[in-house]
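Quick notes on the structure that follows.
FYI, the numbering just counts along the sequence from 1.
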Amino acid sequence: MKKIIPLLLMCLFLTSCNKTPLEKALNDIKENNPKTITLSDYTDFKWDEVWIIDADIWSKSFPLIMEQKNIDVKELDYSLGGTCGELSSYIIIYVYNKKTVYYEPLPCRGKGIDWYFSLTFNLFDREFIVILKNQAIFNVKKYGTTSIYYKLEPIY
């Protein structure tokens, strides 16, 4: 029994380390039902701002917009984005010292990754928002009855 407990803890640690920041946030929301979340609680890398971009505009012009703001976007996948029907899809880009350090697309429906459909953002009719790390705090809104999803709304 004494050998099983450390093994279980190690398995739990390893599986939680492989999750993306938004997967970690969604797990926290489902388990603890917080009213607000702070994005930096779910990241284990340095960043100073986050860009949340509606995927519909990504491939059209957005890498150029980021380059005009002197942000290094060499590591980004320019094929991300597209139309996603009634629930918008988003691309979340973490930036540190004007360089992209991590990005996470929320794929459209039917891409085979079910957890993404449980989480979305409210950009208040904007195509993108940029939030500083210390201000990346979101209200959590729960929607649906049989198919539950959560919408994150930035607190300004």
Next on the checklist: If you count every heavy atom of other residues, nucleotides or ligands that lies below 6.0 Å from Glu127 atom CD, does the total exceed 12?
Outcome noted: no
Has the side chain of [X] got a donor or acceptor atom that lies under 3.5 Å from a matching backbone atom of [Y]?
| X | Y | value |
| --- | --- | --- |
| Tyr90 | Phe121 | yes |
| Thr20 | Glu23 | yes |
| Asn122 | Phe124 | yes |

Checklist entry - What do the steps show when you test Asn97 against Lys46 for side-chain contact (heavy atoms from CB on, under 4.5 Å), and what is the final call? => result CA-CA 9 Å; Asn97 289 336; Lys46 288 184 177 183; over 6 Å; no
Item to check | Cation-pi geometry met for Lys141 and Tyr150 (6.0 Å, 45°) | outcome: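 Not satisfied by the 6.0 Å and 45° rule.
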Next on the checklist: Evaluate Leu39 against Trp47 for side-chain contact (heavy atoms from CB on, under 4.5 Å), listing each step before the verdict.
Outcome noted: CA-CA 11 Å; Leu39 205 52; Trp47 59 280; 4.3 Å; yes
Item to check | Residues Asn70, Lys99; criterion side-chain contact (heavy atoms from CB on, under 4.5 Å); working and verdict | outcome: CA-CA 9 Å; Asn70 294 319; Lys99 182 174 174 51; over 6 Å; no
Working to the nearest 0.5 angstrom, can you tell me the gap between [X] [atom1] and [Y] [atom2]?
| X | Y | atom1 | atom2 | value |
| --- | --- | --- | --- | --- |
| Leu22 | Asn27 | CG | CG | 11.0 Å |
| Asp41 | Asp28 | CG | CG | 8.0 Å |
| Asn139 | Lys35 | CG | NZ | 10.0 Å |
| Ile37 | Leu152 | CD1 | CG | 4.5 Å |
| Thr43 | Glu104 | OG1 | CD | 10.5 Å |
| Asn18 | Lys24 | CG | NZ | 9.0 Å |

Item to check | Step-by-step side-chain contact (heavy atoms from CB on, under 4.5 Å) determination, Val50 to Val95 | outcome: CA-CA 6 Å; Val50 62; Val95 174; over 6 Å; no
So, do [X] and [Y] sit near enough that their side-chain heavy atoms are less than 4.5 Å apart?
| X | Y | value |
| --- | --- | --- |
| Tyr94 | Phe45 | yes |
| Thr120 | Tyr143 | no |
| Glu153 | Phe138 | no |

Checklist entry - Should Ile131 and Tyr96 be regarded as members of a common hydrophobic cluster, given that ILVMFWY residues are connected when their side-chain heavy atoms come within less than 4.5 Å of each other, either directly or indirectly? => result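 The answer is yes; both residues are in one hydrophobic cluster.
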Checklist entry - Given the rule that I, L, V, M, F, W and Y join up when any side-chain heavy atoms are under 4.5 Å apart, are Leu132 and Ile137 in one cluster? => result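 As far as the 4.5 Å side-chain criterion goes, Ile137 and Leu132 are not connected within one cluster.
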Checklist entry - Which of parallel (below 30°), tilted (30 to 60°) and perpendicular (above 60°) describes Phe128 and Trp51? => result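 Correct class here is parallel.
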Item to check | Residue from Ile129, Ile65, Ile93, Ile92 passing side chain to side chain contact (heavy atoms under 4.5 Å, CB included) with Ile53 | outcome: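 Among the candidates, only Ile93 passes.
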